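One-based numbering along the sequence shown. In what follows, every heavy atom counts, from backbone to side chain, and hydrogens, waters and symmetry copies are set aside. Keep in mind that this is a model prediction, so the values were computed, not measured.
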Amino acid sequence: MTAQPQDGSYIGRPLKRVEDRRLVQGRGRYVDDFNPPGCLSAAFLRSPYAHARITALRVEAARSAPGVVAVFTGADVAHLGPMPVNRIFPAMKVPPHPILAAERVWALGTPVAAVVAESPYQARDAADLIEVEYEPLPPVVDPEAALRPGAPVVFDEFGDNQSFAQSWRNGDVGAAFAAAARVAKVRVVQQRLAAVALEGRAILAAWDPVTEELTIWTSTQAPFRMRAEIAAILGIPEGKVRAIAPEVGGGFGVKTAPYREDVLVAWAAVQLARPVKWISSRSEDLLTTNHGRGGVSEGELAVGADGAILGLRARIVCPLGTALVNSAAVTPYNHARLLPGAYVIPACDIESRGAFTTTAPIGAYRGAGRPEAAFLIERLVDEAARALGMDPAEIRRRNFIAPDRFPFMTATGQVYDSGEYERAMDKALVLVGYRELRKEQAAARDRGEIMGIGLSTYVEPCGLGWESGSVRVERTGAVTAVTGSSAQGQGHETTFAQVVADFLGVEPSDVVVKHGDTQNAPQGFGTMGSRSVSLGGGALAKASTEVRDKGRRIAANLIEAALDDVVPVPGGFQVVGVPERRVPWKRVADAAYKGQALAPGDTPGLDATVFFQAPGEMWSFGCCVAVARIERETGAIRLERLLWVDDCGTVVNPLLVEGQLHGGLCQGVGQALLEQIVYDADGQLLSGTLMDYAVPRAADVPVPILDKTTTPSPRNPLGAKGAGEAGCIAVPPAIVNAVVDALAPF
């Protein structure tokens, strides 16, 4: 990478978020805040069964209800589709995914009809007037049960419930296990989780019959994907569709692609030539928005008497629900390929399978397979240490990939860019006082207390795909930066301003960052997979460098100096060693837009657009230490201490990274101790409200001790890696290892 910041004065500084002023004052605008004239509201009638045939559907009463403009059924939208699927595994069986069910429902909450009315209340009341008769069919909820012989078949045309099976094999696994001094075995059941974003799914669509253009306002992580896929499904030219992601109240992976409600609302707006809005309720969101996790894995780790890992075997089964959403295969794919973690594992035999279940779809949720992989390998390493009578830190130390072995290819074929895993763990152990903790634990056990200490180390890949960035110096010298990476609370307007400011040599306050509108940005990939700073920031860094280099050429002509004698300085350019021979950005920009002082081959204007794709993923890493006590009388777990050292490469804004780590940490605690989507045997959702689904509260999470090491990535201009998903990866196995350690004497 050749781009370099101008002086590095803002990258690395903990600047406060410029976004927060409007948000804390209540002036942020979310989808439901937009109310164009004549706006209608949509409501959906949903199946009360997990699996059933529709034998009768009567909508006449709803059509004549007050305020109702239209009622749509499966027959009306049968021509729409198909919903998009990311075919990571080429042989995947892809089931039907109708916008509205017409003959059969395969999950609780499947929409069977939609009502559009003058108000949301009239739409909801009318939907309740629709009469549906069902013939219940056998549900299948558990993914392992779904793959057993004789299980009810969800989709008759496939003959069984397996969508795909993929293997990762390398080395002589049989010999590794034959030579092992000990074999650790673990079975891990990952409970289903809900993202519980502050803002549920939402969409507003408006059709202009004169220009034949569709505008959608949507709570999404990827506005360009929403535009492209809705345009394709509706048969509208993509250039005639505009997608706007205003303030988005959280995404966490579940808002990366359109849902069928989005398609229906957009289609209804076109059919009725009036704006149509749908805002999901919390119960709808918990019921129908993609869930995360849910996989079951069994692993075996072969180790020598010295603690060296010799081989790994694993079998993974992941539920998919009854519709393959865009990210359906991402979790089982990552779960398998990332199992080696931070360790040298010479041989592996891993299989990952996806199972259809009569439940809500499973898709990407903060980590998307990364937490599952870390959980299994970290539990296995702990069990191997216990079998050998070895300290959990020591067995990790003996198996870490050494810093001089990067780039390193794992047994599953992943190429890590850089890492110093032992340094991160050593720092964590020193900061937590590991030796003293073990002494404290021994004393606590002598007193009859149940205390445990848990470690986890992890890797976090980020930066798949590409991202765009545009940088323009305006005539006044102000700077406009446009990114294809669309924020849901990460602080893009602050972070990207710091990047552009450094590479141009201006103040962050001089930079206006725009995002989330497909009309005003180059084609963008979106925000997911902890990729924004490494790819989005990388694109802006390279665009800024192009603008800076052109500005320098213009400045040389304005100053009448040789190009080699002109250097960037804060606010503009000057002749080396002659501060009085200086030209500010405003004057350079004015000349650029007048077509003056241009170098040979340069054209008027002062902007650049870059599409940046890294040569490979960036790999964050770190170590987490948890201390837990268990009340002997009640079994209640009290998380006493949480120490976490994360390495996400170059940190642009430490304050914002700390916020990301805190958020991910809380969700990691939620998975380890509280959260679970629960279905009964009939496929009925038992945790469909926030009275039943236990998200963490402030009192549930100890104040963590956070620290970092810095190992820059060579794969992007900033040296940055991802931080957004690390908490969900690092924290759950550390907590569970602490609890298992506490119970070890029993």
Could you measure the distance from the [atom1] atom of [X] to the [atom2] atom of [Y]? Nearest 0.5 Å is fine.
X      : Y      : atom1 : atom2 : answer
His97  : Leu324 : NE2   : CG    : 9.0 Å
Thr480 : Asp510 : OG1   : CG    : 11.0 Å
Leu464 : Ser530 : CG    : OG    : 11.0 Å
Leu504 : Thr545 : CG    : OG1   : 8.0 Å
Ser297 : Leu376 : OG    : CG    : 4.0 Å
Ile729 : Glu378 : CD1   : CD    : 11.5 Å

Backbone of [Y] reached by a side-chain donor or acceptor of [X] within 3.5 Å:
X      : Y      : value
Ser470 : Val482 : no
Glu238 : Arg227 : no
Thr518 : Ala243 : yes
Glu460 : Glu725 : yes
Lys721 : Trp619 : yes
Arg366 : Gly724 : yes
Arg472 : Gly605 : no
Gln660 : Val657 : no
Glu261 : Tyr259 : no
Arg548 : Phe503 : yes

Pair [X], [Y]: side-chain N/O donor-acceptor within cut-off below 3.5 Å:
X      : Y      : value
Asp647 : Thr711 : yes
Thr457 : Tyr343 : yes
Ser485 : Glu467 : no
Ser532 : His492 : yes
Glu199 : Gln488 : no
Thr410 : Thr412 : yes
Ser713 : Asp417 : yes
Gln523 : Ser468 : no
Thr218 : Thr220 : no
Gln162 : Arg353 : yes

### Query
NZ of Lys514: more than 12 outside heavy atoms within 6.0 angstrom?
no

I'd like to check [X] versus [Y] (side-chain heavy atoms, cut-off strictly below 4.5 Å). Are they in contact?
X      : Y      : answer
Val188 : Glu372 : no
Arg87  : Val94  : yes
Val645 : Thr709 : yes
Tyr365 : Gln667 : yes
Pro223 : Ile216 : no
Asn716 : Leu535 : no
Arg192 : Arg293 : no

### Message
Run Leu656 and Gln490 through side chain to side chain contact (heavy atoms under 4.5 Å, CB included) and show every step you take.
### Response
CA-CA 7 Å; Leu656 271 62; Gln490 294 92 340; over 6 Å; no

With a 4.0 Å cut-off, would you call [X] and [Y] a salt bridge?
X      : Y      : result
Glu493 : Arg22  : yes
Arg169 : Asp349 : yes
Glu617 : Arg337 : yes

Should the ring pair [X] and [Y] be called parallel, tilted or perpendicular, given that the plane angle runs from 0 to 90° and is split at 30 and 60?
X      : Y      : answer
Trp168 : Tyr333 : tilted
Trp466 : Phe525 : perpendicular
Phe406 : Tyr421 : perpendicular

### Message
As a quick check of understanding, evaluate side chain to side chain contact (heavy atoms under 4.5 Å, CB included) for Thr215 and Gln519, giving each step before the final call.
### Response
CA-CA 10 Å; Thr215 302; Gln519 182 169 284; over 6 Å; no

### Query
Which atom names give the shortest non-hydrogen contact between Ile230 and Ile203, and what distance separates them?
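For Ile230 versus Ile203, the nearest heavy atoms are CD1-CD1, 4.5 Å.
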
### Message
I want to check a possible cation-pi pair here: Arg29 against Phe34, using under 6.0 Å from ring centre and within 45° of the ring axis as the test.
### Response
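The answer is yes, since Arg29 meets both limits relative to Phe34.
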
### Query
Is there a side chain to side chain contact (heavy atoms under 4.5 Å, CB included) between Val473 and Val479 once you walk through the steps?
CA-CA 4 Å; Val473 180; Val479 180; 4.3 Å; yes

#### Entry: side chain to side chain contact (heavy atoms under 4.5 Å, CB included) assessment of Arg315 paired with Val317
CA-CA 7 Å; Arg315 297 293 177 263; Val317 175; over 6 Å; no

### Query
Ring centres of Phe621 and Tyr458 under 6.0 Å apart?
no

